[in-house]
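Quick note: numbers below take in every heavy atom, side chains included, and nothing from hydrogens, waters or symmetry partners. Naming convention: chains lettered A, B, ... in sequence-line order (proteins, then strands); numbering from 1 in each chain. A quick note: this is a predicted structure, and the numbers were derived from the prediction, not measured.
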Amino acid sequence: MYQLTHVTKSYSGSKNTVTALKDVTLTIPKGQMVAIQGPTGGGKSTLLQMLGALDRPTSGEVVLGDSTLSKLGDTKLARIRAREIGFVFQGFNLIPTLSALENVETALAPLGLSNEERTSRASAALESVSLGERMRHLPAELSGGQQQRVAIARAIVKNPEVLLADEPTGSLDEDTRDEIMELLEGIWREKQLTLIIVTHDSAVAKRAERRLHIKNGTVKEL
Amino acid sequence: MFITYLRRELVNRRKQTIIIAVGMALAIALVIIVNSVAAGVKDAQTAVLGSVYGVGTDITISKAAAAPGANGTAGPGQRFDFGPGAGSTAAGTTAVASSRLTAGRSTATFDAASLGTVTGEAGVSAAAGVLSLNNTTFDGKLPDVNRTEQGSDRAQTGDGSAPTDGPGGTGGSSFNINSFTVLGLDPSESAVGPLSSVTLTDGRTLASDDTGTDVAVLDSAYATTAGLSVGGTIDIGGTSFQIVGLVESSSGDATTASNVYIPLDVAQNLSGESGKISSIYVQATSSDDIATLKTSLEAALPDNTVSTQSDLASSVSGSLSTASTLVGNLGTWLSIIVLAAAFLIAILFTISGVTRRTREFGTLKAIGWSNRRIVGQIAGESVVQGLLGGIAGVAIGLVGVLVVNLVAPTLTASASGRVGGGFAGRGIEAAGGPGAAGGRFGQAAHAAATSDVVLNAPVTVSVILIAVALALAGGLLAGAVGGWRASRLRPAEALRSVA
């Protein structure tokens, strides 16, 4: 479960300060599927970074389970990201020189598993996203939808508590978008993890149990 | 994962890997070649010095020669005095022959008791005193000396004027002057000194029981030139010496320190330098103590000049000296510049790579990779690139050294020292016809030790290890800089900058 209390995030520039999140207080129960919508520059990505332990708030508190993310150091935050949080990006963010299987394995590298176990779990994750036949392919040899499936396999291979998706269908056509959303929903239901999706797409947002709208750093329930 | 990722990066970013490796390879190759050639030049210098001063000689002690004419010393040249009854006269021409053994003009002698002072110093392993001499023989026909008093007087003064008025206008002169170097040394001391660096080619070398006897050992090159051999005799200072052995330099083409070697006591008596020596060769107990020993010897013998091997190295001139300067200055600086350039290329490419892979590292941080793991990955890639360059550089460097050794350039070296070592004996011949200018009686030439040394560039394991270590250091440096830059990337900023 996430608990955000009076979270404010400001970025100081050379001339002025931009406040991306303003006094956000929010609770997201474990296992909920949440969609975050809002205009560009409204604070969606900043909120996702707070939830994903990628950044700390300027003030306020972010708690994930038993961990107060806003108070942890870089090493502990990296450990939490390695074990409890999975990321899916709009641009897939696969490593171009690694095969699909090796890309998925990168998420297991920090866990200190044996080579065999790492390969076995990565293979299973790719099988679960229907890419068992493409394990040895480089990202450049895969379609956009297939690349996003690899990215999803990389996010779920460590069995995280939370899956954060930043515009997961933003680079895909409608048919592929639906396929990916069905895949994400299937994983959410099967693994009972918390799924938080940032999206511009209302069709994607409507699939969520709960929809939040963020504008000018302020969050509202829809 | 580390190995897989590293392999994939190096293979798929081939161009960057090749550029870094090639830059590093060229630098490492240059370091190996310069080091090897420098070692070869140093060996050559040691060989030249060894042929003059003897193998194992750490320090030489000599005395600066007084300027000609200073302190009442004789001016240049040697004198040959012929009395009214000298030689045999026939048909208005007098045939004369004379041989003189004297200390060389550039050689100053000093009390042989100094040898005892030297051996009494702490840190001296062995010491030997030698007397460096020149033997000049004169033989030929002169106008009747009783009738050409004025001309012979000029000749005797050594001022270079020759008799111009032969008897009856039909006389004139015809004479030969031959000169060779003679080194008197202690026959019982073979550990240090000029004879410690020679190889016996015929007969025997001087032994302890040769003290006081008229025996000589000849440089084989001189013996060939002079047509002398073991079993024959050689006239030194008017005394006939039996030739008992021939020697040549142990170091390649270099000749030995002197043309003729005779027992020290005999040399002293014949030259009128009783109780005198011209140089002392000193072997130090430890090569680490040479500087200290030099200082103490200078204090013990304040009137003498004490020179170490490194001091003597400066006396080597010729193309060997040019090569030494070239390698020492240009080679070293070129190596440093190329090495610095290779390091810079590696660093710049690594930084460029980190910048280009911002999204990659941001993503890895987002999925839980620690800074340490990412820095390790980048450093690993750089080290392997440096290592590949190092291995290629060692291969190129070895080929370069092989080429140098195949070409085997011959360097000419001259070692002019106070020891006054002469190489191939020079006969000075002059002939004067009627009324023509005759030859100078005084020997004006002071022979310098010149020899040809084939440059051989040795490669040692330590040089290769140093080269590989340099390549690794370059890789580590580039990896450290690149890793530091990657570690400063905050995951949120890295991902945001890409977005």
Side-chain angles (χ1 to χ4, degrees), chain A residues 9 11 20 40 45-46 48-50 52-56 74-99 101-115 118-119 122 138 140 151 154-155 157-158 160 164 166-167 170, chain B residues 1-18 349-350 352-382 384-385 483-499:
Chain A
K9 179 65 181 177
Y11 297 102
T40 302
S45 292
T46 304
L48 202 68
Q49 285 163 8
M50 299 298 139
L54 294 172
D55 208 349
R56 297 185 194 84
D74 287 345
T75 305
K76 288 186 176 174
L77 287 178
R79 196 171 299 150
I80 285 174
R81 290 197 299 270
R83 296 176 185 280
E84 298 181 30
I85 302 171
F87 279 97
V88 177
F89 304 96
Q90 179 180 354
F92 323 132
N93 291 22
L94 298 178
I95 294 169
T97 54
L98 298 180
S99 69
L101 181 68
E102 290 159 352
N103 262 288
V104 177
E105 284 189 58
T106 58
L108 298 175
L111 303 184
L113 306 175
S114 67
N115 289 348
R118 202 173 60 229
T119 304
L138 290 173
R154 181 178 63 186
V157 70
K158 57 194 172 188
L164 301 176
D166 188 3
E167 301 278 9
Chain B
M1 190 74 240
F2 172 79
I3 300 292
T4 305
Y5 194 9
L6 190 147
R7 197 176 64 237
R8 295 271 191 236
E9 283 301 318
L10 295 183
V11 170
N12 288 296
R13 299 185 202 277
R14 210 173 284 121
K15 196 173 168 185
Q16 176 179 328
T17 302
I18 289 172
F349 268 92
T350 306
S352 162
V354 169
T355 306
R356 197 173 54 246
R357 293 161 72 186
T358 297
R359 180 167 79 164
E360 189 173 313
F361 295 132
T363 304
L364 288 172
K365 288 189 176 191
I367 66 176
W369 279 44
S370 63
N371 273 334
R372 191 176 159 189
R373 185 177 289 275
I374 289 174
V375 169
Q377 191 70 42
I378 294 168
E381 291 172 16
S382 294
V384 172
Q385 283 168 340
W484 171 77
R485 202 172 163 87
S487 71
R488 285 170 55 88
L489 286 173
R490 298 199 66 79
E493 288 168 7
L495 292 169
R496 192 185 303 128
S497 71
V498 173

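- Looking at Arg83(A), there are no atoms closer than 4.5 Å to chain B (heavy atoms on both sides), in backbone or side chain.
- Contact annotation: the side chain of Tyr5(B) never approaches that of Thr106(A) to less than 4.5 Å [non-hydrogen atoms, C-beta and beyond].
- Considering only heavy-atom pairs separated by less than 4.5 Å from chain B, the leading option among Arg118(A), Gln90(A), Arg79(A) is Arg118(A).
- The residue among Lys365(B), Arg372(B), Arg8(B) with the most heavy atom pairs within less than 4.5 Å of chain A is Arg8(B).
- Per-residue counts of heavy-atom pairs under 4.5 Å with chain B were compared for Leu77(A), Ile95(A), Leu138(A); the largest is that of Ile95(A).
- By the side chain to side chain contact (heavy atoms under 4.5 Å, CB included) test, Glu84(A) pairs with Leu64(A), Ile80(A), Glu161(A), sequence neighbours left out.
- Two residues are said to be in side-chain contact when any heavy atoms from C-beta on lie closer than 4.5 Å; Thr363(B) and Phe87(A) fail this criterion.
- Considering only heavy-atom pairs separated by less than 4.5 Å from chain B, the leading option among Thr75(A), Ile85(A), Leu164(A), Asp74(A) is Asp74(A).
- Here the CD atom belonging to Glu102(A) is positioned 7.5 Å from the CZ atom belonging to Arg7(B), to the nearest 0.5 angstrom.
- Counting only heavy atoms from C-beta outward, the side chains of Glu360(B) and Pro96(A) approach each other to under 4.5 Å.
- Each of Asn115(A), Leu98(A), Leu108(A) was checked for a side-chain contact (heavy atoms from CB on, under 4.5 Å) with Met1(B), and the lone residue meeting it is Leu98(A).
- Between Ile367(B) atom CD1 and Arg154(A) atom CZ the span is 5.0 Å, to the nearest 0.5 Å.
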- Query: Can Thr97(A) and Glu9(B) be said to form a side chain to side chain donor-acceptor pair (under 3.5 Å), step by step?
  - Reply: CA-CA 6 Å; Thr97(A) 54; Glu9(B) 283 301 318; 2.5 Å; yes
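- Counting heavy atoms from C-beta on, the side chains of Pro491(B) and Arg81(A) come closer than 4.5 Å.
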